Every structure is written in structure tokens, then in C-alpha cells.
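Step one of this worksheet: look at the structure below.
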Amino acid sequence: MPAWLTHRRLGWAAAGGAVFVIVVGRIAGDGPLLDALSVLFWLCAGTLVYLAYTSQSRRHRVLSRAVEQWAQERGWAYAPRDDSVLAVLTGSPFEPGYASGEHMAVDVVRACRVTGAPSWGGAMLKGGARKGRDTISFTFRYLVREKYGLKVWADVHVVAIRLPVALPKMQVQPEGVGTAVAKAAGAIDHLIESADFNDAYFAGAEDPRTAHAILNARLAQRLLEPDLAGGSWEIDRRWIRAWDATGTRVDVLDDRLRLLDTVVDHIPRHVWLDARSEARRA
């Protein structure tokens, strides 16, 4: 659950306590009872604030230890904080976090993974592209609000794979309120002729031709299978990434990697070669 939801509940509890004190005060009138209730209310409010923040800090520590252990078991590099990885974040849903002016990347893990499938669809790409996939996972933490010296943070878990060449932007996400807004703003949907896929997902792209090649029939069918259904992912030039509005959870990290690897494995060879030729001409 995002941190700000916890504090919203705290705010409602405090507001309810304030209403209770006001109502009882009007009934009892001025006097010792009202003074006692006021003192009790502020003591309770202070205790709630303290418990909320200590609980949030404890939760962050537990999650960080789990991520570090996960990385050690798999031979990944771990860093408690590394803001350099924020370069992979552009566009939605990250603008609100940047707009806050205070953000960071925590619980950063990275590795160059060798997968069973050809790294880039069998395309002969130069450099170390054939050796593995440079992969990053981290928690994007940004300030939601600050009042009376208290800071409320929200987390987004990001998993990203660096691509050997830049591809046109495209995104796929489950149908929902956000996708309805995107459609209303003129975003292109229905990139493929699959009623089942189009009912389940919204797909948008700046280059429909390339997106159609990437989102081929085999990939579309695979994304409807239970282990991948409902996952959001996006290609943004040199990165393909998936995200979730929580801190890094090791119990779903492998699922995110499976989703991204599946997309990469289904990208046809000619898409990589065309992208490389386009980069040479630029």
C-alpha cells in the first residue's frame, strides 16, 4: 500500500477525534471535562503520528533487507541508494514524483543477465549486446506532501532492461481509468486485431508500424496467459520497463523480469536490424 494512503487514514482518525472533542465540548460546556478531553485528544494524535512514522520506517528497513538478501542470493549488485538510475524514468507515471522536487532511487539492484533465449532475437548486434541483458530494479521514492515538518512519501517499484538500440516509444497497460483518460486525449489504441487483447489492455505507440511488429500475435496471446496477465510495460528508447505502485517486493520481482524478458524474446529480428539502421542514418 502506498505510504500516503496510510497517512490519509491517520488524518481521518485525527479528524474524527477532533469532531468528538468539539461535540462533547458543546454538550459539557467549558470546564475540566473539556480540558481533559483536549489533552487526551492531542496525546492520542501525537501517539498516532509517532506510530505511523515508526511503522513506515520499520517497513522500509524490512523491505530493504529482503531486497539485499535477494540480490546476494542471485549475485546481483546492491546499493541502498543510487540516484543515477533515475535516468531510466521519463513520462507517465513518473512526472508527479519529479514535480514534487524531492525524489530518490533506493534499494537499487543490477546485473547483466544471460538468458536462455538469444539476447536480442538473434540479431547480430555489436558490442556486448549478445552477452546479456543489463537489468536494473529499484524503488522510486518521491515526496507527496510536507506539512508541519512531517514528510509523506510514495513508492513506485521499477524494473528496467537496457536495449541495445533505441526503439520508438510504446506502452501496454491493463484497461482502467488511466487508459480511459489517455484515449480521451487522443492516444492510439487497438494496435492489433485481437478482440481479447484489446478488451484486456490499452496499447499506445508513437510509431504504430513498429509497435504492431513488436506486439505480434504470439506476444499478444502470451500476455493473456495467467502468469503475465495484467502487467504494465513500456518501451522508451533505450529502455523497456515495468512498474508497480509499491516499494520493491522480492516476491513479485521475478514476475516483472519474466514479463520484460517475454516481451524482448518476442521482438522480431527485423525490428532490431531496422532500429540499428535508423540509428546509423541519424
Side-chain angles (χ1 to χ4, degrees), residues 88-94 113 115-125 129 133-136 157-245 252 254-279:
V88 313
L89 302 183
T90 58
S92 177
F94 308 108
R113 299 176 302 117
T115 64
S119 289
W120 310 110
M124 300 300 292
L125 300 172
R133 295 173 180 171
D134 290 326
T135 307
I136 301 172
H157 178 207
V158 182
V159 182
I161 298 175
R162 183 172 175 84
L163 304 177
V165 292
L167 296 178
K169 293 183 179 181
M170 66 173 294
Q171 62 173 325
V172 172
Q173 56 184 305
E175 288 284 2
V177 176
T179 60
V181 174
K183 292 176 185 177
I188 299 174
D189 194 9
H190 295 181
L191 294 174
I192 63 172
E193 296 178 358
S194 169
D196 291 339
F197 182 87
N198 292 330
D199 287 343
Y201 290 97
F202 164 84
E206 67 175 9
D207 180 0
R209 182 182 64 85
T210 301
H212 186 274
I214 293 174
L215 198 57
N216 52 70
R218 289 179 57 206
L219 176 58
Q221 184 60 41
R222 180 71 180 89
L223 293 175
L224 292 173
E225 294 178 8
D227 62 323
L228 298 183
S232 299
W233 56 273
E234 181 176 28
I235 292 175
D236 188 358
R237 306 303 181 190
R238 291 298 296 271
W239 294 94
I240 179 173
R241 64 192 179 218
W243 64 88
D244 191 14
V252 300
D254 287 325
D255 294 337
R256 300 287 181 271
L257 292 173
R258 184 187 305 112
L259 171 63
L260 296 183
D261 283 334
T262 298
V263 175
V264 170
D265 291 341
H266 283 79
I267 296 178
R269 182 174 183 269
H270 71 83
V271 171
W272 298 115
L273 298 178
D274 289 347
R276 185 179 63 176
S277 298
E278 186 69 24

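Just so it is clear, the model here is predicted, and its values are computed rather than measured. Only this structure's heavy atoms are used, side chains among them; waters, hydrogens and symmetry mates stay out.
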message = Are the side chains of R256 and W233 in contact, using a 4.5 Å heavy-atom criterion?
response = no
key: Shortest non-hydrogen separation from A203 to V172 and the atoms involved   = CB-CG2, 4.1 Å
message = Nearest 0.5 Å, please: how far is CG in L224 from OG in S194?
response = 6.0 Å
request  = Answer yes or no: does atom CZ of R237 have more than 12 heavy-atom neighbours from other residues, nucleotides or ligands under 6.0 Å?
outcome  = yes
request  = Let me know which of I161, L163, I136 forms a side-chain contact (heavy atoms from CB on, under 4.5 Å) with W239.
outcome  = I136
query = Can you check whether I240 reaches E234 side chain to side chain, under 4.5 Å on heavy atoms?
reply = no
key: D227 vs D255 side-chain heavy atoms within contact, under 4.5 Å   = no
ask   = Where the side chain of S277 meets the backbone of A275, is there a donor-acceptor pair that is under 3.5 Å apart?
value = no
query = Atom OG1 of T135 and atom CG of L257: how far apart are they, to the nearest 0.5 Å?
reply = 6.5 Å
Verdict with reasoning, H157 to V159, per side chain to side chain contact (heavy atoms under 4.5 Å, CB included) = CA-CA 7 Å; H157 178 207; V159 182; 3.6 Å; yes
query = Between the side chain of E206 and the main-chain N/O of K169, is any donor-acceptor distance below 3.5 Å?
reply = yes
Side-chain touch D274/T210, heavy atoms, less than 4.5 angstrom = no
message = Any side-chain to backbone donor/acceptor pair from Y201 onto L223? Under 3.5 Å, distance only.
response = yes
request  = Working to the nearest 0.5 Å, report the span between CG of D196 and CD of Q221.
outcome  = 7.5 Å
query = Has the side chain of N216 got a donor or acceptor atom that lies under 3.5 Å from a matching backbone atom of H266?
reply = yes
key: W272 and P164, any side-chain heavy atoms less than 4.5 Å apart   = yes
message = With heavy-atom distances below 4.5 Å as the criterion, would you say the side chains of V88 and R238 are in contact?
response = no
Basic-acidic side-chain contact under 4.0 Å: D261, R133 = yes
ask   = Quick one: does R258's side chain have a donor or acceptor within less than 3.5 Å of a partner on L228's backbone?
value = no
inquiry  = Can you give me the closest heavy-atom contact between G231 and P174, atom names plus distance?
reply    = O-CD, 4.1 Å
query = Is the closest side-chain heavy-atom distance between D207 and L167 below 4.5 Å?
reply = no
query = If you round to the nearest 0.5 Å, how far is CE of M170 from CD1 of I235?
reply = 5.5 Å
